[in-house]
Asker: 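Shown below is the structure under consideration.
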There are 2 protein chains.
Amino acid sequence: MENIRELFQVMTRRFGLLNKNCCSIDDVDISLVQSHILYEIDKREHPSMQQVAEALGMDITTFSRQIQNLVKKGLVKKTPLPEDRRVYTLSLTTEGKFIATTIDREINRYLEEVFSHMTEFEKETVIRSIKLLNECMAKSSVCCKPLF
Amino acid sequence: MENIRELFQVMTRRFGLLNKNCCSIDDVDISLVQSHILYEIDKREHPSMQQVAEALGMDITTFSRQIQNLVKKGLVKKTPLPEDRRVYTLSLTTEGKFIATTIDREINRYLEEVFSHMTEFEKETVIRSIKLLNECMAKSSVCCKPLF
DNA sequence: ACATATAGTTGTAATTTGCAAATAAAATAA
DNA sequence: TTATTTTATTTGCAAATTACAACTATATGT
């Protein structure tokens, strides 16, 4: 039996690199964390700071500062919630949405390239496998709580 | 069809977190990058600085300093290569080997926990899928060159 | 011997990180 | 209603991480 961790280590590192490489759009520089933040805000509808920070397993203070950067860059908008003015609601600006979409397209294009080396059946199998894996990781009690 | 990037994003993030959580052994604190470095040195036999830095897609200067830290912690040994004295050969000390092994066991234990939510057949399928995926990523021309 | 290339290190300055403490707005208790 | 506690977010600060440019030291080619 092959070393299972090895497989994960390699895959994870590769995808991390991929993400990193795909993060300079136009003349806007986006760090890896920032791209994760954009992705997460884009996916949810008007999440709070806490929610996103927790989803990413980030310290809230670090997150706060990253959001400040993204706001300064004009990619994220922070709107105070009327019902509870302690809470800020996050959303992407038009520019932010554009960046997020571009990154997404970039990564998906790469993934398609990778899948092009497989048969349609293999591709389906791999995708179903990862889906299953995610579900089982979510079930797990040991670790990785902060996600979903 | 589900969003493929989403699947990868979640999985990668989870595994990254897992790695991060598993990095405090005894009273030695190991950062995520450092654990990757230990892993890579352990896997290869007496690699050079360049080789490991490249495998991890790290800037060589950053890597150099990380190695200095690991040497200071007594986890890594740097041996000049007799044939070419510009080159340093990296290896783990006994302590370093112990730490690397402990992290490895920790992560494998978690992975086993995750797989315990699957049938044996599903497990086999998932592992084969990830293996295939890695192979196809390696074939790809677009991105992720620095690895293997 | 001289120029050039390679492996690794340091100077330095910017960025990122997270703990502790502060602010500010609910929610709850009295 | 006021006082107390809890919750969401922000700052102070000091340490760790990063990467570019410049440097040292060794090896290779002419």
Side-chain angles (χ1 to χ4, degrees), chain A residues 13 16-17 19-21 23-24 27-38 40-41 44 46-73 75-91 145-146, chain B residues 13 16-17 19-21 23-24 27-41 44 46-73 75-91 146:
Chain A
R13 209 184 284 154
L17 270 191
N19 246 325
K20 199 190 266 170
N21 292 342
C23 283
S24 237
D27 48 353
V28 188
D29 274 341
I30 306 287
S31 75
L32 184 56
V33 251
Q34 286 171 351
S35 91
H36 274 269
I37 294 175
L38 292 181
E40 209 58 30
I41 295 177
R44 298 157 185 260
H46 300 287
S48 74
M49 307 264 298
Q50 294 265 3
Q51 285 170 336
V52 180
E54 178 149 330
L56 297 175
M58 280 180 77
D59 185 280
I60 183 70
T61 71
T62 304
F63 183 78
S64 171
R65 276 184 248 256
Q66 286 290 3
I67 289 294
Q68 289 172 33
N69 294 339
L70 289 169
V71 169
K72 241 179 273 162
K73 285 187 186 183
L75 305 181
V76 167
K77 197 167 58 142
K78 257 173 64 181
T79 317
L81 193 70
E83 308 94 275
D84 184 340
R85 281 163 50 221
R86 290 170 303 181
V87 178
Y88 284 93
T89 266
L90 299 173
S91 56
K145 287 284 172 36
Chain B
R13 212 186 281 155
L17 270 191
N19 247 324
K20 200 191 265 171
N21 291 342
C23 284
S24 237
D27 48 352
V28 189
D29 274 341
I30 306 285
S31 75
L32 184 55
V33 251
Q34 285 170 353
S35 91
H36 274 268
I37 293 174
L38 292 182
Y39 178 80
E40 208 60 29
I41 295 177
R44 298 158 184 257
H46 300 288
S48 72
M49 307 264 297
Q50 294 266 2
Q51 285 170 337
V52 180
E54 178 150 328
L56 297 175
M58 280 180 77
D59 185 281
I60 183 71
T61 71
T62 304
F63 183 79
S64 171
R65 278 185 246 257
Q66 286 290 3
I67 290 294
Q68 289 171 32
N69 294 338
L70 289 169
V71 169
K72 241 180 271 160
K73 286 187 184 181
L75 305 181
V76 166
K77 197 168 59 138
K78 257 172 64 180
T79 317
L81 194 69
E83 306 94 276
D84 185 341
R85 282 160 53 220
R86 290 170 303 179
V87 178
Y88 284 94
T89 267
L90 300 173
S91 55

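Proteins get letters first, then strands, A, B, ... in listed order; numbering begins at 1 in each.
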Asker: Using heavy-atom distances to pick each residue's nearest nucleotide on DNA chain C, tell me which of A:Pro82 and A:Met58 is more 5'.
Answerer: A:Met58
Asker: Please give me the minimum heavy-atom distance between B:Ala55 and B:Arg44, naming the atom from each residue.
Answerer: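 Between these two residues, the closest heavy atoms are CB-NH2, 3.4 Å.
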Asker: Under 4.0 Å, heavy atoms only, any strand: does B:Phe63 hit a base, just the sugar-phosphate, or nothing?
Answerer: nothing
Asker: In whole Å, I'd like the distance from the CZ atom of B:Arg85 to the P atom of C:dT9.
Answerer: 15 Å
Asker: Distance check: side-chain N/O of B:Arg86 vs OP1/OP2 of D:dA25, anything under 4.0 Å?
Answerer: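 The answer is no; no side-chain N or O of B:Arg86 sits under 4.0 Å from OP1 or OP2.
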Asker: Under 4.0 Å from OP1 or OP2 of C:dG18: is there any side-chain N or O of A:Thr62 that close?
Answerer: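 For C:dG18, OP1 or OP2 has a side-chain N or O of A:Thr62 closer than 4.0 Å.
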Asker: Quick check for you: among C:dC19, D:dT9, C:dG8, whose closest atom lies nearest to any side-chain atom of B:Met49?
Answerer: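 The closest nucleotide is C:dG8.
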Asker: Find the distance A:Gln51:CD to D:dT9:C1' and express it as a whole number of Å.
Answerer: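 Nearest whole value for this atom pair: 14 Å.
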Asker: Is B:Ser31 close enough to D:dT17 that one of its side-chain N or O atoms is under 4.0 Å from OP1 or OP2 there?
Answerer: yes
Asker: Is any side-chain nitrogen or oxygen of B:Asn69 closer than 4.0 Å to OP1 or OP2 of D:dT17?
Answerer: yes
Asker: Minimum heavy-atom separation for B:Ile60 to B:Ala53, with atom names?
Answerer: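 Minimum heavy-atom separation between B:Ile60 and B:Ala53: CD1-CB, 4.0 Å.
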Asker: Is the NZ atom of B:Lys77 crowded by more than 12 outside heavy atoms at less than 6.0 Å?
Answerer: no
Asker: Return no unless some side-chain N or O of A:Ser64 is found under 4.0 Å from OP1 or OP2 of D:dT10.
Answerer: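 For A:Ser64, the contact criterion (side-chain N or O under 4.0 Å from OP1 or OP2 of D:dT10) is met.
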Asker: side-chain contact (heavy atoms from CB on, under 4.5 Å) between B:Gln66 and B:Met58: does it pass, once the steps are laid out?
Answerer: CA-CA 10 Å; B:Gln66 286 290 3; B:Met58 280 180 77; 4.1 Å; yes
Asker: Output yes when a side-chain donor or acceptor of B:Lys78 lies under 3.5 Å from a complementary backbone atom of B:Gln68, and no otherwise.
Answerer: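 Answer holds: no.
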Asker: Between A:Gln68 and D:dT11, is there a contact of a side-chain N or O with OP1 or OP2 at under 4.0 Å?
Answerer: yes
Asker: Whole angstroms only, please: what is the CG-C1' distance between B:Leu32 and C:dT16?
Answerer: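 Value for this atom pair: 14 Å.
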Asker: Rounded to the nearest Å, what distance is computed from the CD atom of residue A:Gln66 to the C1' atom of nucleotide D:dT11?
Answerer: 16 Å
Asker: Which part of the nucleic acid, if any, lies within reach of B:Glu83 when heavy atoms closer than 4.0 Å are counted: base, sugar-phosphate only, or nothing?
Answerer: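 If one applies the 4.0 Å heavy-atom cut-off, B:Glu83 turns out to touch the sugar-phosphate alone, with no base involved.
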Asker: Just to be sure I understand the rule, does A:Asp29 reach a base, reach only the sugar-phosphate, or reach nothing, if contact means heavy atoms closer than 4.0 Å?
Answerer: nothing
Asker: Verify side-chain contact (heavy atoms from CB on, under 4.5 Å) between A:Arg13 and B:Glu40, making sure each step is shown before the conclusion.
Answerer: CA-CA 12 Å; A:Arg13 209 184 284 154; B:Glu40 208 60 29; 3.0 Å; yes
Asker: Using whole Å, what does the distance between atom C1' of nucleotide D:dA8 and atom NE2 of A:His46 come to?
Answerer: 19 Å
Asker: Give the rounded distance in Å between these two atoms: CG of B:Asp84 and P of D:dT28.
Answerer: 6 Å
Asker: So, under a plain 3.5 Å distance rule, would you say the side chain of A:Arg65 forms a donor-acceptor pair with the base of C:dG18?
Answerer: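 Per atom types, the contact qualifies.
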Asker: Using atom CD of B:Glu54 as one end and atom C1' of C:dA7 as the other, report the distance to the nearest whole Å.
Answerer: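 Answer to the nearest Å: 13 Å.
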Asker: Between atom CG in A:Leu81 and atom P in C:dA26, what is the gap in whole Å?
Answerer: 10 Å
Asker: Let's see if you can work this out: which of D:dT17, D:dT9, C:dA7 has an atom nearest to the side-chain heavy atoms of B:Gln34?
Answerer: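 Selected nucleotide: D:dT17.
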